[in-house]
Amino acid sequence: LETSAMDDRPLVIGANTDEMLLFTAFDQQRSGWTDDDVQREFGHRFGHNADHAIAMYRTHRPDVDPSQLVSAMQTDELFRRPAQRLAEARVAASSSTWMYSFEQRSTAFGGMLGCCHGLDIPFAFDTIEAQGVEMFTGDGPDRSTVADQFASALVSFARNHAPGWDRFDVDRRPTQRIGPDPSVIHDPEPALRELWT
């Protein structure tokens with residue numbers, strides 16, 4: 001973290017909203033999970049604060065089953081919070097950083113993958129029309145718009161260090177949403193972020 005934070009090369013960093021679903025959506029061992037499993041998994045991470053953490057995640061993810069709730073927590077634990085921590089450390093080191101949240105959901109497999117790990121790649125490189133890609137992304141009508149948005153931002157960043165939204169700072173925490181609602185949000189889901197501090 002320290003080495004990456006001190007690197008003065010500009011950086012764009014983000015996470016997908018449902019990263020862990022790539023690894024858990026089809027896990028048969030999790031298909032029968034109950035609230036007891038949620039309590040166990042949250043207890044491992046949050047200890048005596050587990051009940052509060054579960055309540056916060058249920059507030060922010062009201063329509064998910066127990067396995068998906070744990071996956072949401074693990075997405076933050078392993079992907080979103082580490083990305084945010086790196087951005088925070090880079091701000092402290094005066095290293096230019098921009099944050100995004102990739103939110104385009106896959107419609108493949110009945111939507112079970114959500115916006116999982118790796119789903120951003122064909123959008124970032126605008127290869128959604130490549131053969132077989134729709135097996136992963138689904139074939140929603142907004143795919144081309146989202147791919148153009150994301151790929152154009154990354155090309156702009158590569159050319160002139162300006163992806164099209166404000167640099168990250170720890171006061172406003174501007175984060176570009178990449179997906180159906182391409183808006184900049186400030187400090188997305190602060191209650192969940194604070195659970196991990």
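Scope of the values below: all heavy atoms of this structure, side chains included, with no hydrogens, waters or symmetry mates.
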Distance, nearest 0.5 Å, that separates [atom1] of [X] from [atom2] of [Y]:
| X | Y | atom1 | atom2 | answer |
| --- | --- | --- | --- | --- |
| Leu192 | Met56 | CG | CE | 8.0 Å |
| Thr34 | Asp37 | OG1 | CG | 4.5 Å |
| Thr97 | Glu88 | OG1 | CD | 11.0 Å |
| Arg30 | Phe23 | CZ | CZ | 11.5 Å |
| Leu195 | Asn49 | CG | CG | 6.5 Å |
| Arg193 | Arg81 | CZ | CZ | 6.5 Å |

- request: Quick one: sort the Phe42 and Tyr57 rings into parallel, tilted or perpendicular, breaks at 30° and 60°.
  value: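 The rings of Phe42 and Tyr57 stand perpendicular, inter-plane angle above 60°.
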- request: Hey, can you tell me if Trp98 and Phe157 have their rings parallel, tilted or perpendicular (30° and 60° cut-offs)?
  value: perpendicular
If we only count heavy atoms from C-beta on, is the [X] to [Y] side-chain gap below 4.5 Å?
| X | Y | answer |
| --- | --- | --- |
| Gln74 | Glu19 | no |
| Asn16 | Phe79 | no |
| Ile178 | Asp120 | no |

With no hydrogens and no angle check, is any side-chain donor or acceptor of [X] less than 3.5 Å from a backbone partner on [Y]?
| X | Y | answer |
| --- | --- | --- |
| Asp169 | Arg172 | yes |
| Thr175 | Met99 | no |
| Ser156 | Ser152 | no |
| Asp148 | Thr145 | no |
| Arg90 | Asp7 | yes |
| Ser71 | Met20 | no |

Check [X] against [Y] and note the closest heavy-atom contact, atom names and distance.
| X | Y | value |
| --- | --- | --- |
| Leu119 | Cys115 | CD2-CA, 3.8 Å |
| Ala108 | Phe136 | CB-O, 3.7 Å |
| Asp126 | Ala147 | OD1-CB, 3.4 Å |
| Glu129 | Arg143 | OE2-NH2, 3.8 Å |
| Glu103 | Pro180 | O-CD, 4.0 Å |
| Thr127 | Val133 | O-CG2, 3.5 Å |

message: With a 6.0 Å cut-off (strictly less than), is the heavy-atom count around NE2 of His44, excluding the residue itself, greater than 12?
response: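 Enclosed: over 12 neighbouring heavy atoms sit under 6.0 Å from NE2 of His44.
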Within 6.0 angstrom of Phe26 CZ, more than 12 heavy atoms from elsewhere: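 Count over threshold, so yes.
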query: Is the closest basic N to carboxylate O distance between Arg105 and Asp18 below 4.0 Å?
result: yes
- prompt: What pairs with Gln68 under side chain to side chain donor-acceptor pair (under 3.5 Å), at least two apart in sequence or on another chain?
  reply: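 With neighbours one apart ignored, the set is empty.
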task: Keeping to residues at least two apart or across chains, list the salt bridge (Lys or Arg N to Asp or Glu O under 4.0 Å) pairs with something in residues 43-62.
output: Asp35-Arg58, Glu41-Arg45, Arg45-Glu77, Arg61-Glu189
field: Trace of the side-chain contact (heavy atoms from CB on, under 4.5 Å) decision for Trp196 with Phe46
entry: CA-CA 9 Å; Trp196 296 97; Phe46 296 102; 3.3 Å; yes
Hydrophobic clustering (ILVMFWY, side-chain heavy atoms < 4.5 Å, transitive) - are [Y] and [X] grouped together?
| X | Y | result |
| --- | --- | --- |
| Tyr100 | Phe123 | yes |
| Ile128 | Met135 | no |
| Val146 | Leu113 | yes |
| Phe150 | Trp165 | yes |

